[in-house]
Amino acid sequence: MKPPAIELRRLTRRLPSGGRDLTILDGIDLTIDAGEFVAVLGPSGSGKSTLLALMAGLDRPTEGEVLLDGEPIQALSEDALALIRRRKIGFVFQSFQLLGNLTARENILLPLELNGRKDAGARADRLLEMVELSDRGHHYPSQLSGGEQQRVALARAFGPEPSILLADEPTGNLDSNTGKLVLERLAELRREHGTTMVLVTHDEQVGALAGRQIRLRDGRLDRDAAREEVLT
Ligand SMILES: Nc1ncnc2c1ncn2[C@@H]1O[C@H](COP(=O)(O)OP(=O)(O)O)[C@@H](O)[C@H]1O
Ligand SMILES: [Mg+2]
């Protein structure tokens, strides 16, 4: 049997704050199966972005474990973590985070070339097509609207065919219509690639798109809706 794509065991993150420790995440247990689409909901400051950063090995837990495909990652070196991120994990951020001195197509090409893909050029063109930006490949991010920039970011994230896609408020900077289009593209790309996806949002409507919703409140898991249904 396949191990879970992501497993968190008693995951805790504390930060020193004015002489004492601030607990940001408090003993989170969570299992996400390969191919699942999970939304992490919760108000601002509840620890959603911190949770995502820990899943990606961008931050290290104070206590507890993160396992990706059954492999604990917290003991790995920074280099080993960087390699896992490059090969296994795609990111989409609220603020797009495109490189401003590269065109849309070059932004999509970069991770493909870093991964040594021989089909990088053809794949970049195909991805531009999938996000309906074939005619905008030569434009720089500053020449694109927010929704267009985020579609470039989606193409970039899915380019190397990561097994896990982590999205942190990907529609947070977009108006609701544009956000809807971006989410449709995101869902489509996920289906097509069979990617495990964790989508962080404070928006219940956005969260409802996922197959399972989990809720964070003050660094703790509120409930695990789909799993409760399965158990009862
Ligand atoms: N580097 C940091 N230093 C101090 N406090 C932090 C830091 N990162 C996050 N926090 C605090 O941790 C809590 C959770 O933050 P975050 O994970 O960004 O929440 P969310 O993404 O749900 O808004 C917040 O209270 C935030 O202020
Ligand atoms: Mg956040």
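Throughout, numbering of the chain's residues begins at 1 and tracks the sequence. Just follow the structure's listing: the first ligand is 1, and inside any ligand the first atom is 1.
The pair R220-D218 does not count as a salt bridge, with every side-chain nitrogen at least 4.0 angstrom from each carboxylate oxygen.
Given atom 11 (C) of ligand 1, the protein heavy atom at minimum distance is I24 CD1, 3.9 Å. Residue, atom and distance of the protein heavy atom nearest to atom 19 (O) of ligand 1 are G47 N, 3.2 Å. Of all protein heavy atoms, the one lying nearest to atom 3 (N) of ligand 1 is L15 CD1, 3.4 Å. The nearest protein atom to atom 18 (O) of ligand 1, hydrogens excluded, is given as S49 CB, 3.7 Å; this is a heavy-atom distance.
A heavy-atom separation below 4.0 Å is found between S46 and ligand 1.
No donor-acceptor pair under 3.5 Å is formed between the side chain of R14 and the backbone N or O of I24. Remark: side-chain polar atoms of T103 are paired, donor with acceptor, to backbone N or O of E106 under 3.5 angstrom. Put simply, the side chain of E148 gets close to the backbone of S145: a donor and an acceptor are under 3.5 Å apart.
Within the 4.0 angstrom cut-off, atom 13 (C) of ligand 1 has one or more protein heavy-atom neighbours.
The shortest side-chain heavy-atom distance between V40 and L216 falls under the 4.5 Å cut-off.
In the vicinity of T50, heavy-atom distances shorter than 4.0 Å reach the ligand 1 atoms 15 (O), 16 (P), 17 (O). Shown in contact with P43 at under 4.0 Å from a heavy atom are these atoms of ligand 1, numbered in order with element: 22 (O).
For the pair G45 and ligand 1, the shortest N or O to N or O distance falls below 3.5 Å.
Annotation: the span from H202 atom NE2 to S46 atom OG amounts to 11.0 Å, rounded to 0.5 Å.
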